[in-house]
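Below is one structure, written out as structure tokens; comments come after it.
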Amino acid sequence: MSEQVERTQVDSVDTDREATYDVMATQDRWQQVWEDLAPFVAHDDSPREKRYALTMFPYPSGDLHMGHAEVTALHDVIARYWWQKGYEVLNPMGWDSFGLPAENAAIKNDTHPATYTYANIETQFESFKKYGLSFDWTRRLHTSDPEYYRWTQWLFLKLREQGLAYRKNSPVNWCPNDQTVLANEQVVDGACERCGAEVTKRELTQWYFRTTAYAQELLDCLDDLQENWSDKVVNAQRNWIGRSEGAHVDFVIEGRAEPVTVYTTRPDTIFGTTFMVVAVDAPLAEELVTDERRTEFETYREEIRRETEIERLSTDRPKTGVDLGVTATNPVTGAQIPVWATDYVLADYGTGAVMGVPGGDQRDWQFATQMGLPIVRTTEPPADFEGEAFHGEGPTINSPAAGVDAPLDINGLPVDEAKSTTISYLQDAGLGRGTVNFRLRDWLLSRQRYWGAPIPIIHCPVDGEVPVPEDQLPVVLPDLRGADLKPKGVSPLGAATDWVNVACPTCGGPAKRDTDTMDTFVDSSWYFLRYLSPNDDTRAFDPALAEKWGPCDLYIGGDEHAVLHLLYARFFTKAMRDMGLISWDEPFSAYLSQGKVINNGRKMSKSLGNGINLGDQLAEFGVDAVRLTLVFASPPEDNIDWADVSPAGSAKFLQRAWRLSGDVASEPGADPAAGDVALRKVTHRTLHDGAALVESYRFNVLVARIMELVNATRKAIDSGCGPADPAVREATEAVSIMLSLVAPYTAEEMWHRLGHEPTVARAGWPVVDEALLVEDSVVAVVQVQGKVKARLDVSPDVSEADLEAAALADPAIVKALEGKTVRKVIVRAPKLVNIVAG
RNA sequence: GCCCCGGUAUUCCAACCGGCAGAGAAGAUCGGCUCAAAACCGAUACAGUGUGGGUUCGAAUCCCACCCGGGGCACCA
């Protein structure tokens, strides 16, 4: 070979090295190619093993932001990995497009909520495509489409048939600003979760889903989910469901046939019950109050109703209440005790009535002190106890008190035994029974707003509640816009007279439509099933497809939905299973919660002026660098502080990786077996470990390992085996494939420069050569008293005896042991020897 | 108050079943390249793992107590 030719080759390599990677041009080129290739369409009839990857679909408010960028970047790592590993991957995306912001925007701009909604959806759709995600866009859906909410309404009717949707009158949370009721879950610290206004109570007839019917199962299944769900979320759900064990105890009321049942978790303290308290807003209080006390009671009740939740929840305020004028009989002591109404007892928890045990409950203590009621301790506190009520462990006392003749004696028993003994006694005597209670309430789903799925019920004066016949679904929203949507005391649908008045489907007489819409969490409780056949106009979803694709193998989203959305979707799944629509118990086999993107230690907000605009970041650093930054910054669950990370550093790394593809001097298909073994070992180790890292969601470490391989390849090219070695090609191809999970544009460009056809996303994860994972020699550490004194190069399969001998023969060890007696030698071949000497 | 999770170089983060505290990155300093700067290449420095005990031949890792931070529940009887 002439010198001339050699120099030309070198020159061309050098030119390539100097060339810079045109990020923006690359993005434009490959986006178009991918659109034509459609490599991520999931085929229902594929023989390959399925994987269902799901990310929480966005609400269409404006364009995508950093939060969307993070969750989808993380999600895409898994989805793309599954494709590379040979699975058929279902990875759909859509929009949760009903909701209040669109309605508020419509009022402000005098338009229809759909205008705002669908314009934003298009904006976000274009941004998603630019962002290079592996979504199957053929399955796109919007919950605000009549074709979608038709099936939301259908499911509502199915649930109603099962008795899982019902209407009841009760005090509910009311947001005076949004002019709508709120679910318990949407009230945070007494304020509306959405707008922050102080929530008040209103007595209204509303629709509920009977989530409590599944309370125990929702709790039990968490044990299995625990393995593949974030601890945080499992814990939050457990707390939310709030199971407690206790007893129902019946108290006979003077002059009343029916006893009043109370719920208590401490039946062992029953001897200390010196009064009874019922919730002031419970119907029971109204029933019990004597005529002499009625006026006083009603005044008090009005006072309480006017209070906001915030006032009611403040814990250190004085206890209030009214004596109802009746007495109850303590079932074990026979004592006559007064019955009071108060606001510190909740109407909708337990039975709405409580036995007042001031000696064992701080709230009762405060109440008793304030009202001058007697206090009896029933658990002996430790000698140094300085508090008021005592609810800890200790022997039971005064149960009964000295000299009192009672049918039950639990004195001296520890709390646990005292409880079970009391429950057995109550059960035998027909005075009560052991029971379980949940904090979880039924899900209030009615909303007095417009932009949601109308509840498909017609109210007929003759036939009552009549479901809209299935063949008349969907009940389409009337065309309202602008001022029609303003809160005015009656809901927008209620004011749409033409729409409201209909013929009763049963008798044909005049009737009215239900004027509420459903909470948007209903829409998102089943969308993962609609993705299976989003255009099927004959049914909500195909059970056969649910069988094939479900449940979701991984769901990624934010913790803000840890209790609401996830719990509701779990409830829907169980209900649908019991209706025979699906066979699985849980919708999401694994759940990964992603952290937030913050800036400078604070949440991004307009008022702080610390917002990071996604579009600006993409324009400055390119899609891949932003995605890489988000994936590399921290473990997925942790928050990312944008001030701590370096998208410029990511861009730099991508350049480094890209440059490798220009340096490779062997032809495509070059046999790597002939290549440099040292580099091949790094490549195969990285492929092997990389797969495990993805599967355990340690994406940040995966990136670090790819960086390591890039560094090793760079070194091999510059000062090792050189660019023509086939191991360099093998390594660079591996980088391209692994990088395709995080930085698809760069990976595709590299793949192309390596002489391959698109798309690298479907190239397949290279098969790892096990032989290359074995090390020729490893470093064994020799410690004396736990301190490292020598290192030995040994074979990985060295015997313990040989290793020990080698260690004791090492000059440094001999020196360290001078004048000492070896007492014990611990050998862990091939890694370590520890010599204990003295 | 109860329940979860976390605390490792200046910073973000690694460290498998207890076995050399450092994989990767940011920033810093120095050097090479350059008329110069950026980019690029190379080198260097920086922690004994929140605190105090315990178990162990050996602890970032396991146990106990406490401190700090994040999250959930909370007048739920």
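Proteins come first, then strands; the chains are lettered A, B, ... in the order of their sequence lines, and each starts at number 1. Please read all numbers here as calculations on a predicted model, not as lab measurements.
Taking 4.0 angstrom as the limit, A:R698 places a side-chain polar atom (N or O) nearer than this to OP1 or OP2 of B:A15. At the phosphate of B:C40, neither OP1 nor OP2 sits under 4.0 Å from any side-chain N or O atom of A:R714. For the pair A:T342 and B:C75, the criterion of a side-chain N or O lying under 4.0 Å from OP1 or OP2 is not met. Between A:Y349 and the phosphate of B:A77, there is a side-chain N or O to OP1/OP2 separation shorter than 4.0 Å. At least one side-chain nitrogen or oxygen of A:N711 sits closer than 4.0 Å to the OP1 or OP2 atom of B:A25.
Side-chain contact check for A:N437 and A:S244: no donor-acceptor pair (N or O, by modelled atom type) lies under 3.5 Å. Remark: the A:T351 side chain and the A:T261 side chain contain no N/O donor-acceptor pair separated by less than 3.5 Å.
Nucleotides B:C62 and B:C17 are separated by 12 Å at their C1' atoms, to the nearest Å. For the P atom pair drawn from B:A45 and B:U56, the interatomic distance equals 38 Å after rounding to whole Å. When the P atom is used for both B:A21 and B:C63, the distance is 22 Å, rounded to whole Å. Between B:A14 and B:G7, the distance separating the two P atoms is 9 Å to the nearest Å. Here the separation of B:C46 from B:C3, taken at their C1' atoms, is 39 Å to the nearest Å.
Shown here is A:R433, whose CZ atom has more than 12 heavy atoms of other residues, nucleotides or ligands within 6.0 Å.
Residue-level contact check: A:R656 touches the backbone only, with heavy atoms under 4.0 Å from sugar-phosphate atoms and none from bases.
Using cut-offs of 30° and 60° on the angle between ring planes, the pair A:W443 and A:Y568 is parallel. The aromatic rings of A:F385 and A:F390 stand perpendicular to each other, their planes meeting at an angle above 60°, with 30° marking the opposite boundary.
In this structure, B:C40 is classed as anti because its glycosidic torsion departs from zero by more than 90°.
Taking atom CH2 on A:W365 and atom C1' on B:C75, their separation rounds to 17 Å, with Å as the unit. Rounding to whole angstrom units, CD of residue A:E245 and P of B:A77 are separated by 12 Å.
Secondary-structure stems of RNA chain B, taken as three or more successive Watson-Crick or G-U wobble pairs (i with j, i+1 with j-1) under a 3.5 Å distance threshold, comprise B:1-7 with B:67-73, B:10-12 with B:24-26, B:28-32 with B:40-44, B:50-54 with B:62-66.
Contact annotation: side chain of A:K319 to base of B:C75, donor-acceptor pair present below 3.5 Å.
Proximity of a side-chain donor or acceptor of A:D281 to a complementary backbone N or O of A:R305 within less than 3.5 Å is not detected.
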- Letter per nucleotide, 5' to 3', of nucleotides 5-13 of chain B [B base touched, S only sugar-phosphate touched, - untouched; heavy atoms, 4.0 Å]: S-----SSS

- Under 4.0 Å protein heavy-atom contact, by nucleotide of nucleotides 57-68 of chain B - B base, S sugar-phosphate only: B-----------

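Residues A:F275 and A:W340 keep their aromatic ring centres 6.0 Å or farther apart.
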